[in-house]
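In what follows, chains are A, B, ... by sequence order, proteins preceding strands, each numbered from 1.
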Number of protein chains: 2
Amino acid sequence: MEGQKTTVRSIADLARMAGVSVSTVSRALTGKGTLNQSTRDRIRALADQYDFKLNVAAQNLRLGRTGAIAVLLPLGHERGQHLSDPFFSAMLGYLADMLADRGYDLLLSRVLPSGEDWLENFVRSGRTDGVIVIGQSDQGAVLNRTAAGYRPMVVWGAFDATNAYTSVGTDNAAGGVLAAQHLLSRGRRHLVWFGNPEAPEFAARQAGFLSALPDEVRRNTSIVPIPLTPDPAFEAASAYFAAGNRPDGAFAASDIVAMNVAAAAAEHGISVPRDLSLIGFDDILLARIATPPLTTVRQDIEAGARALVDLLMRRIAGEETQSVQFPPTLVERESA
Amino acid sequence: MEGQKTTVRSIADLARMAGVSVSTVSRALTGKGTLNQSTRDRIRALADQYDFKLNVAAQNLRLGRTGAIAVLLPLGHERGQHLSDPFFSAMLGYLADMLADRGYDLLLSRVLPSGEDWLENFVRSGRTDGVIVIGQSDQGAVLNRTAAGYRPMVVWGAFDATNAYTSVGTDNAAGGVLAAQHLLSRGRRHLVWFGNPEAPEFAARQAGFLSALPDEVRRNTSIVPIPLTPDPAFEAASAYFAAGNRPDGAFAASDIVAMNVAAAAAEHGISVPRDLSLIGFDDILLARIATPPLTTVRQDIEAGARALVDLLMRRIAGEETQSVQFPPTLVERESA
DNA sequence: CTGTTAGCGCGTTCAT
DNA sequence: ATGAACGCGCTAACAG
């Protein structure tokens, strides 16, 4: 029967019990400074025995940091939008793990960009030691302005040499080229691009796609705007087919857009891939179990997350950093 | 030209500039205590002008709280497992919003349950003011033990009167009954249940399903274990059909499982819903754009998230709370 | 209505 | 190798 009536609330308690000073306990538990090995062991054993953990809030206050990294999801308009895309949740999962490995908490914040300085307000509030912004949305100007005065920030999104901030992302244009080449190699000539070109990532995918098309094909290629929100997305795709359009090849801005297109096509008796070759973008987990399994341009989410965290840590440490871009790959399944 | 050379770092700075004491500034900014209205306005204006925000870490240290709520996702085995299910990301999105509304940060933590006291260790570390556990997984015993000594905890999962903790969840058994009735009404008699019965939520769905079947049908109903991880899930479903099994009605433990089943069926030339009526569970956003659109048992995720947060707040305030259970509804689409 | 003061729990000089 | 003392930024008595 271990008598554990005493509850240890602070290093002062522990110091009293161990018959040493608070600073000795601090040194023992943090591992900093020099200390007699046996003293250190003894104090650590005592801490274990009483299940004592250093108070992170006090530690952070003293060290002038917060111990947290914010992951910001700027939502164009509607709530739930981004997180509803499996791509973002996968990214979030990796970030959570990798930040935890570095000893940081992940603060999840979904922000409705309001006005021009929501980001500046956030970073100035000092609630976190750094910020990872997922997706530029239509907030390029805001990001550039904030980056001018705030170092510990990295952004997931399209590369642009003129950006003032460090970004990590897939070479979206190259992905568009892959999609175009594949559709052409399948003999498709009457093409269509589905997506929302207002997001820079999507715009680059579209530009790459168009650039790889022969002139006569490109002239015949239509651009169909698809909103990012679930219901309107399906309706937009459906309306396109309802209007009698019958392309034979389609490139969608994301796998989710592609699945909306596939569902709308099925509704109009159009068979994928027989009547319509369909290519997505992302290679989310679901792409493989979609019906039919989706041919798609793959982004390496894990590598992206790792780069985001690495670069952020280096910026926090005061280093300069370069934006990086990963090459996408084509994953051939059955939809195209 | 506003000269904003001065940078305000603490209420002491602001107090000096305003010619008042720190406590007056504190009262002005927190809104607590009594204060002359004009003094309050003047200080607030000054704070705005210099973009000053109270230091949350210091505030929390002083108040003996952390200002954060942890959302824990116990992962059976594999990393990425839970977050890969859109059901969980939807839940997470709602929780993030609702906790933010209450002034709490959301600390995301994916934990690999190790040993028997990972939860106790976490709550004792004092890193958060409360814990929301998403899914009981196989950790019922751990939850019960922790609940005995830790109040601010709520759990998303199956209701069980013998649990020591407060849970919020869907009436899974009732959902199973809905699925059974629908399959029977479609004239299906050769049934199968797909899922992982080790999770209590899934077990309840299965039990409800079986309970609503006439004896002669139930005798013919098989249970096919489907792992929670993506690739093995598809392989398990595929192996089932490869073995020559040809049921005419199926109830899947979740929409994601259902989509795996649909993909595996398609691979074996089985048409949904012609040859096989398929019902899922959850009604994730993707259910509507699956091919064919998924008939499914709907859980109200938003209501669930709201209840989790409400109950947690009340437990933090010291109130006693009752577990709640939401009735599911059947959403009829095309797969069954 | 406002100011003074004493900590919240910790890390870190500066002594010894 | 260890201890004493100070302060990170804030809130809450307690005075006045």
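- Contact between A:Val168 and A:Ala307 at its shortest, heavy atoms only, is CG1-CB, 3.8 Å.
- Nearest heavy atom pair, residue B:Ile43 against residue B:Ala18, reads CG1-CB, 4.5 Å.
- Side-chain N or O atoms of A:Glu201 include none that pairs as donor or acceptor with a backbone N or O of A:Gly135 at under 3.5 Å.
- Between the P atom of C:dC10 and the CG atom of B:Asn55 lies a distance of 17 Å, rounded to the nearest Å.
- Residues meeting the side chain to side chain contact (heavy atoms under 4.5 Å, CB included) test with B:Ala148, sequence neighbours left out: none.
- B:Lys53 places its NZ atom 13 Å from the P atom of D:dC10, with the value rounded to the nearest Å.
- For B:Ile11 and D:dA12, the CD1 to P distance is 11 Å, given to the nearest whole Å.
- Proximity of B:Ser21 to the phosphate of C:dG3: a side-chain N or O atom is located under 4.0 Å from OP1 or OP2.
- B:Asp129 places its CG atom 18 Å from the P atom of C:dC8, with the value rounded to the nearest Å.
- A donor-acceptor contact shorter than 3.5 Å is absent between the side chain of A:Arg65 and the backbone of A:Asp129.
- Scanning both residues, B:Met91 and B:Ala305, for their nearest heavy atoms gives SD-CB, 3.8 Å.
- Side chains of A:Thr66 and A:Asn60: no donor on one and acceptor on the other come within 3.5 Å.
- In this structure, B:Ile43 places its CD1 atom 12 Å from C1' of C:dG3, rounding to the nearest Å.
- Of the two residues contacting DNA chain D, namely B:Ala12 and A:Gly19, the nearest-nucleotide position lying further toward the 5' end is that of A:Gly19.
- At whole-Å resolution of the value, CG in A:Asp41 and C1' in D:dA1 are 15 Å apart.
- When the side-chain nitrogen and oxygen atoms of A:Gln59 are compared with OP1 and OP2 of C:dG11, one or more of them lie within a distance under 4.0 Å.
- Looking at B:Asp13 and B:Arg16, a side-chain N of the basic residue comes within less than 4.0 Å of a carboxylate O on the acidic one, giving a salt bridge.
- Proximity of residues 24-35 of chain B to DNA chain C (heavy atom under 4.0 angstrom from any strand atom) is restricted to B:Thr24, B:Arg27, B:Thr34, B:Leu35.
- For DNA chain D, the neighbouring residues in residues 61-70 of chain A, judged by any heavy atom under 4.0 Å, are A:Leu61, A:Arg62.
- Comparing the axis of the opening five pairs of the helix from C:dC1-D:dG16 to C:dT16-D:dA1 with that of the closing five pairs yields an angle of 40°, rounded to 10°.
- Taking all atoms of both residues into account, the shortest heavy-atom contact from A:Arg27 to A:Arg40 is O-NH2, 3.6 Å.
- With sequence neighbours excluded, no residue forms a salt bridge (Lys or Arg N to Asp or Glu O under 4.0 Å) with B:Arg9.
- For the residue pair A:Asn55 and A:Gln59, no side-chain donor N or O sits within less than 3.5 Å of a side-chain acceptor on the partner.
- To the nearest angstrom, P of D:dA1 lies 15 Å from CZ of A:Arg42.
- Among D:dT2, C:dG11, C:dT12, the nucleotide with an atom closest to any side-chain atom of A:Ser23 is C:dT12.
- Listed by chain and number, the residues in a side chain to side chain contact (heavy atoms under 4.5 Å, CB included) with B:Arg102 are B:Tyr104, B:Val309, B:Asp310, B:Met313 (sequence neighbours excluded).
- Phosphate proximity of C:dT2 to B:Thr39: present, with a side-chain N or O under 4.0 Å from OP1 or OP2.
- Summarising the geometry, the separation between CG on A:Leu14 and P on C:dG9 is reported as 14 Å, rounded to the nearest angstrom.
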